[in-house]
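Have a look at the structure below, then the notes.
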Amino acid sequence: MGDNLQEGNPDWMSRLPEELLDVPLWNLAIPGSHDSMSFCLDISSPVVGSESSLLRLADKLLPCCIRPYVRRWATTQQLVLRDQCELGVRFLDLRIARKPAGSSTLFFAHGIYTLISVKEALDELTAWLDAHPKEIVIVCCSNFESLTEEDHVKLVDFILSLFSKKLCSSQDTPTLRSCWSRGQQVIVSYDHKQILQKHPELWRKILYRYANSPSPKEVITYLEAVKKEGRPAGFYTCGLNLTEDTRYVFFHPLQTMRKMTMEALSLLLRWTCEQQPGPERGGVNIICCDFVGLGKFCSIVIGLNYKLLSRSSAAAPVA
């Protein structure tokens with residue numbers, strides 16, 4: 001499977017049928033990217049402090065060997081945010097970090113740090129939103145590697161200033177029609193309790209369900225099991241992303257996260273095709289994937305929304 005940027009969905013929300021415009025966004029099917037900024041990992045930066053002490057020690061001893069290897073497995077996307085949004089991605093998984101030395105500039109991290117800063121990435125996203133005024137993006141800020149309280153304050157001030165009137169408050173029940181009427185385009189989830197107490201307009205952490213397994217069959221088994229537990233209230237995420245462990249990496253020395261994803265993708269997308277959005281038990285909302293440019297992931301998730309139409313039509317009384 002190759003990258004399919006030509007099969008993008010840059011304005012899919014604005015093109016949904018009238019019947020779906022008043023559905024709460026947490027009852028729609030929304031494509032998301034897992035570790036959205038991992039396309040620009042910097043092998044000149046050290047392994048992040050939250051990784052194992054063994055890996056950090058190896059990084060100090062043999063950085064020229066360890067960092068490229070970490071990047072092979074930590075890279076889960078290949079497209080910049082603008083291109084992800086063009087494909088149809090509307091949930092961005094942003095894992096924010098402060099580098100151990102240097103300026104106060106914030107970056108992103110997954111194993112190692114990124115080349116692109118938080119400010120650069122969010123400025124790019126804002127420019128894209130300006131060009132697509134009826135598209136709504138959920139920005140999930142989490143992990144916060146080594147951030148100080150001052151960093152949080154400055155970051156939130158920047159986010160509030162940047163998005164300004166585009167921001168959809170957590171006090172609202174967002175639908176496409178309600179967001180359009182107010183010019184709202186951004187929902188910011190911020191995983192920090194003290195910040196949320198000071199800024200109720202920000203959304204609480206969004207539940208992210210994933211299997212923590214390198215096996216696509218185990219991923220599907222896990223997601224099916226949690227569906228039986230009932231549908232969470234509000235926004236929530238199903239992760240199609242595979243997760244390698246040390247043992248898997250050791251026994252697959254020539255593999256990469258991208259190759260592992262490509263081998264599993266057909267099975268994962270087949271499961272995705274069978275899902276149903278909506279408030280009922282087992283209904284899906286945000287579905288995240290690695291390497292969103294592979295296959296037709298975004299188109300498949302977007303297409304699930306049309307099942308809501310067939311269901312409402314079937315329930316409608318015969319005239």
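Along the sequence shown, the residues carry numbers beginning at 1.
Between the side chains of Glu149 and Gln194, no donor-acceptor pair is found at a separation under 3.5 Å. Inspection of the Glu145 and Tyr113 side chains reveals no N or O donor paired with an N or O acceptor under 3.5 Å. Using modelled atom types, one finds no donor on one side chain facing an acceptor on the other under 3.5 Å when comparing Thr272 with Gln275.
Side-chain contact check for Arg231 versus Asn27: some heavy-atom pair is nearer than 4.5 Å. Taking the side chain as every heavy atom from C-beta outward, His132 and Pro10 approach each other to under 4.5 Å. You'll find the side chain of Trp12 stays beyond 4.5 Å of the side chain of Leu87, heavy atoms only. Side-chain atoms of Ile138 and Leu92, non-hydrogen and from C-beta on, never get closer than 4.5 Å to each other. Counting heavy atoms from C-beta on, the side chains of Phe91 and Ile287 never come closer than 4.5 Å. Counting only heavy atoms from C-beta outward, the side chains of Trp26 and Pro279 never approach each other to under 4.5 Å. Between Phe235 and Cys140, the closest side-chain pair of non-hydrogen atoms is not below 4.5 Å. For the pair Lys119 and Thr105, the minimum side-chain heavy-atom distance is 4.5 Å or more.
Between the side chain of Ser299 and the main chain of Lys296, no donor-acceptor pair closer than 3.5 Å is present. Counting only distance, with no hydrogens or angles, the side chain of Asp93 and the backbone of Asp35 share a donor-acceptor pair below 3.5 Å. Judged by distance alone, with hydrogens and angles left aside, the side-chain atoms of Gln77 form a donor-acceptor pair with the main-chain N or O of Val292 at under 3.5 Å. Remark: side-chain polar atoms of Asn285 are paired, donor with acceptor, to backbone N or O of Leu25 under 3.5 angstrom. Of the possible donor and acceptor atoms, none in the side chain of Asn143 sits under 3.5 Å from a partner among the backbone N and O of Ile96.
For the pair Glu124 and Arg82, the salt-bridge criterion is met [side-chain N within less than 4.0 Å of a carboxylate O]. Using a 4.0 Å cut-off between charged side-chain N and carboxylate O, Glu135 and Arg90 make a salt bridge. Using a 4.0 Å cut-off between a side-chain N of Lys or Arg and a carboxylate O of Asp or Glu, Lys134 and Asp11 do not qualify as a salt bridge. A salt bridge links Glu150 to Lys154: at least one charged side-chain nitrogen sits closer than 4.0 Å to a carboxylate oxygen. The pair Arg258-Asp290 does not count as a salt bridge, with every side-chain nitrogen at least 4.0 angstrom from each carboxylate oxygen.
Listed by first then second residue, pairs satisfying side-chain hydrogen bond (donor to acceptor under 3.5 Å, both in side chains) with a partner in residues 62-75 read Asp59-Arg67, not counting sequence neighbours. Each side-chain hydrogen bond (donor to acceptor under 3.5 Å, both in side chains) pair with one or both residues in residues 158-171, not counting sequence neighbours, appears once here: Asp130-Lys166.
Between Tyr210 and Tyr208, the angle of the ring planes goes over 60°, which puts this pair in the perpendicular group of the 30/60° scheme. In this structure, Tyr190 and His152 have perpendicular ring planes: the angle between them is above 60°, well past the 30° mark.
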Working for side chain to side chain contact (heavy atoms under 4.5 Å, CB included), residues Leu167 and Leu160: CA-CA 8 Å; Leu167 204 63; Leu160 296 179; 3.5 Å; yes
Show, in sequence, the C-alpha distance, side-chain angles and deciding distance for Leu129 and Ile136, and conclude whether the side chain to side chain contact (heavy atoms under 4.5 Å, CB included) test is met. CA-CA 8 Å; Leu129 290 167; Ile136 298 149; over 6 Å; no
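In this structure, Leu54 places its CG atom where only 12 or fewer heavy-atom neighbours from other residues, nucleotides or ligands lie under 6.0 Å away.
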